[in-house]
Amino acid sequence: MKNRIKEKIKEALIMLQIDLPEEGVFVEETKDISKGDFSTNIAMRLASVEKTDPLILAERIVKSLKKDKDFKLIEFVKPGFINFFLSDTYLLGEIEKYAKLGADYFAQNIQKGRNIAIEFTDANPFKIFHIGHLYTNAVGESISRMQESLGASVKRVTYQGDVGLHVSKTMWGVEEQLKKEGKNFSDIEKLDLEERVAWLGSCYILGAEMYDYSKESKAIEEINEINYYIYYLTNPSLEKKDFSKFEEVNIKEKYTKGRLWCLEYFEKIYSVLGTKFDNYFFESEVSEMGLEIVKKNTGEIFKKDAGSVIYEGEKEKGLHTRVFINKYGLPTYETKEIGLALKKEELLRSDESIIITANEQSSYFKVIMDVLSKLNPEIAYKTKHFSHGVIRLPNAQKMSSRRGGVISGEWLFSETKRKVLSIMSNSDELEPELVDEISDKIAIAAIKYAFLKVTIGSDIVFDFDKAISFDGDTGPYIQYVYARANSLIKEFGTGDSQNICLGSCLANPFVERLVRTLSKYRVAMLDSALTYSPSTLCQYLFDLSQSFNAFYQNVRLSEMSEDDRGVYLVIIRAVLNVLQSGLFNLGIPIVEKM
RNA sequence: GUACCUGUAGCUCAAUUGGAUAGAGCAUUAGUUUGCGGAACUAAAGGUUGUCGGUUCGAUUCCGACCAGGUACGCCA
């Protein structure tokens, strides 16, 4: 429709013998329905060139527009805007397609045939899965789904740090903790999965405490040795040393088992969140590849410096100098990241590669991209790094997994679910066997929506009580609308046989508002997907939900004739289809009842 | 110190990328129900968009300076 309006304007300008500006005609959806469905500022932009009053020019353009039955009004107004109002017939016809075609009509095959790899979540085994991971997961899953709904073929990728200092700190902590508790590793193995993972987390904190805060030199030395040993296990090119003291206590076995526990635990979380990854990459698998290419290019791109290998970023481009191979000959995060990029290319050969992380890493990623553009320009060209803000607590402290003080994803979920259950218990009588499933879905909606409604990039101040409240602009509010609309259809039927175009229902302002909002879904969805911003879609769905609730409160289906009701049922069907599609694209589950 | 990000109502966030009277939610206040699901609806009140200047028909948006906060800056990830 936007393009049609653009064409119409262009025709009018030709008739008026006015050159159209280089940038073309801008047509936008209006934010306020009193100003029509679309508007253009073309008259104001041309006024200075044409040296006339914008309002007069707007009038001349409007008068030169060809007649079009799909608009009921085209007006020119105050400073010089031209507003387009869609006709009732057009709007209702659109709603009928929403109702009857649903998902088929929402699919917009703009990205058809395009392969996109999207990397997100990136949780590290041996470290806590905190609410930051929950956030990245929500963003990544939503962006993935939106790209898919545009027709792209998406590979969901996650990259997990199973080697590195955090691992050796944990393994060091494991030995200490076992001694302290007077237990054997086999005692730990008997615990539940959650307990085992939590136990490993406490070992990490112990190791990190010694390494980073107490800075006890013996512990530091041991942890560094363990680190080398674990790297050695997966990197055959590293020089062998005397590992007998680690072999005696079987660190390899403990590491292997612990790693698997964490992965199994993560998998449980992903399944609750509704993410299914296609590819899992591990630092242990990419480090060899990274080391190889960095070594090969040392002297050219990289530089030896005090026993390590570094990359000197150009200051003018605002790039930092970073260490790629440390003085022990081990690859750092940087080198592994390069290895990862190459490995991804080898396996996936995607047209576009998106990486989603917190924005603490953005200056680091600039360096990586710079290095990559020298090593392999093609990969660098198609790789995009999106960064989102961090989750902050209200007292403005950053969460650190080293010192505790982090909120785990699991804790947030169970607390939210508890609150959901307390609200559910004082309302309707739902079948008990459904309560658990439904409360899961509502909790997920509350959490994900709280994260997704904020523009990606700015920090989220995480106020627990607000995040899990269900009033107003929240996930459960939108789910509630779905459940309400669903119960109307259950009560009165689907209205399938109805020809909606017979209706004159738009005279009612509540209906008009609902229908106009409804008709904007495809545009909102496209906008949200193309700008990779789920928040746009959140706002749209909330707006739609408000329109629906107002409609619901003011239009009573039970008090009208069969024919009139039929028209409304088509509209309600359309609302259901949009909510279903929209929530799906956010990665938020729907519920039939709640 | 250097670079990047942020600053909008009491709080949490929007604002279609330079457009119309800066919009929502929460909290506050006043209403709505013998009624299809009240996790609801209708209103009111709340603003010098951090400050000062500049660019133009028009600035929350662009430019400059300053103020405040955050993040990153060679062997963590």
**OP:** Under 4.0 Å between any heavy atoms, over every strand shown, what does A/Glu28 touch: base, sugar-phosphate, or nothing? Just pick one.
**Re:** base
Original post:
How many Å lie between CD on A/Gln546 and P on B/A24, as a whole number?
Top reply: 8 Å
**OP:** Assess whether one donor atom and one acceptor atom, taken from the side chain of A/Ser39 and the base of B/A20, lie less than 3.5 Å apart.
**Re:** yes
**OP:** Can you sort out the partners of A/Gln108 under side-chain hydrogen bond (donor to acceptor under 3.5 Å, both in side chains), two or more places apart, ordered by chain and number?
**Re:** none
**OP:** Have a look at A/Glu283 and say if it touches a base, only the backbone sugar-phosphate, or nothing, with a 4.0 Å heavy-atom cut-off.
**Re:** sugar-phosphate
Subject >> Residues A/Glu415 and A/Lys419 bridged, charged N to O under 4.0 Å >> reply: no
Original post:
Taking the six-membered ring for Trp, are A/Phe324 and A/Phe302 ring centroids under 6.0 Å apart?
Top reply: yes
Subject >> Whole-Å P distance, B/C26 and B/A44 >> reply: 15 Å
**OP:** Using a 4.0 Å heavy-atom cut-off across all strands, classify A/Val309 as base, sugar-phosphate, or nothing.
**Re:** nothing
**OP:** Remember a base hit wins even if backbone is also touched, and classify A/Ala483 as base, sugar-phosphate or nothing at under 4.0 Å, heavy atoms.
**Re:** base
Original post:
With no hydrogens and no angle check, do the side chains of A/Ser387 and A/Asn359 hold a donor and an acceptor under 3.5 Å apart?
Top reply: no
**OP:** Please work out if A/Asn124 contacts a base, only the sugar-phosphate, or nothing of the nucleic acid, heavy-atom cut-off 4.0 Å.
**Re:** sugar-phosphate
Original post:
Looking only at atom C1', what distance separates B/U60 and B/U21, rounded to whole Å?
Top reply: 15 Å
Original post:
So which of residues 321-335 of chain A are in contact with RNA chain B, with a heavy-atom cut-off of under 4.0 Å?
Top reply: A/Thr321, A/Arg322, A/Val323, A/Asn326, A/Lys327, A/Thr332, A/Tyr333
Original post:
Do A/Tyr135 and A/Phe451 have ring centroids that are under 6.0 Å from one another?
Top reply: yes
Subject >> Contact letters for nucleotides 2-12 of chain B, in which S counts primed atoms plus P, OP1 and OP2 and B counts the base, heavy atoms under 4.0 Å >> reply: ---------B-
Original post:
Just wondering, are more than 12 heavy atoms of other shown residues or ligands nearer than 6.0 Å to NZ in A/Lys315?
Top reply: no
Original post:
Distance between the P atoms of B/A30 and B/U8, in whole angstroms?
Top reply: 30 Å
**OP:** Report yes if the distance between the aromatic ring centroids of A/Tyr477 and A/Tyr449 is under 6.0 Å, otherwise no.
**Re:** no
Original post:
Can A/Phe81 be said to stack with the base of B/A20, given centres closer than 5.5 angstrom and planes under 30 degrees apart?
Top reply: yes
Original post:
Can you find a donor-acceptor N/O pair under 3.5 angstrom joining the side chain of A/Gln553 to the base of B/G38?
Top reply: no
Original post:
Using the purine O4'-C1'-N9-C4 or pyrimidine O4'-C1'-N1-C2 torsion, is B/U17 syn (within 90° of 0) or anti?
Top reply: syn
**OP:** Would you please say whether a donor-acceptor pair under 3.5 Å links the side chains of A/Ser362 and A/His385?
**Re:** no
Original post:
Is there a donor and acceptor pair closer than 3.5 Å between the side chain of A/Asp162 and the base of B/A77?
Top reply: no
Original post:
Does the side chain of A/Asp162 come under 3.5 Å of the side chain of A/Ser284 through a donor N or O and an acceptor N or O?
Top reply: yes
**OP:** Please give the nucleotide sitting opposite B/G74 as a Watson-Crick or G-U wobble pair, both distances under 3.5 Å, or none.
**Re:** none
Original post:
Base, sugar-phosphate alone, or nothing: which one does A/Leu165 contact when heavy atoms must sit under 4.0 Å apart?
Top reply: sugar-phosphate
Subject >> Interatomic distance at C1', B/U55 relative to B/U16, whole Å >> reply: 24 Å
Original post:
Are A/Ile355 and A/Phe365 side-chain neighbours, meaning at least one heavy-atom pair lies under 4.5 Å?
Top reply: yes
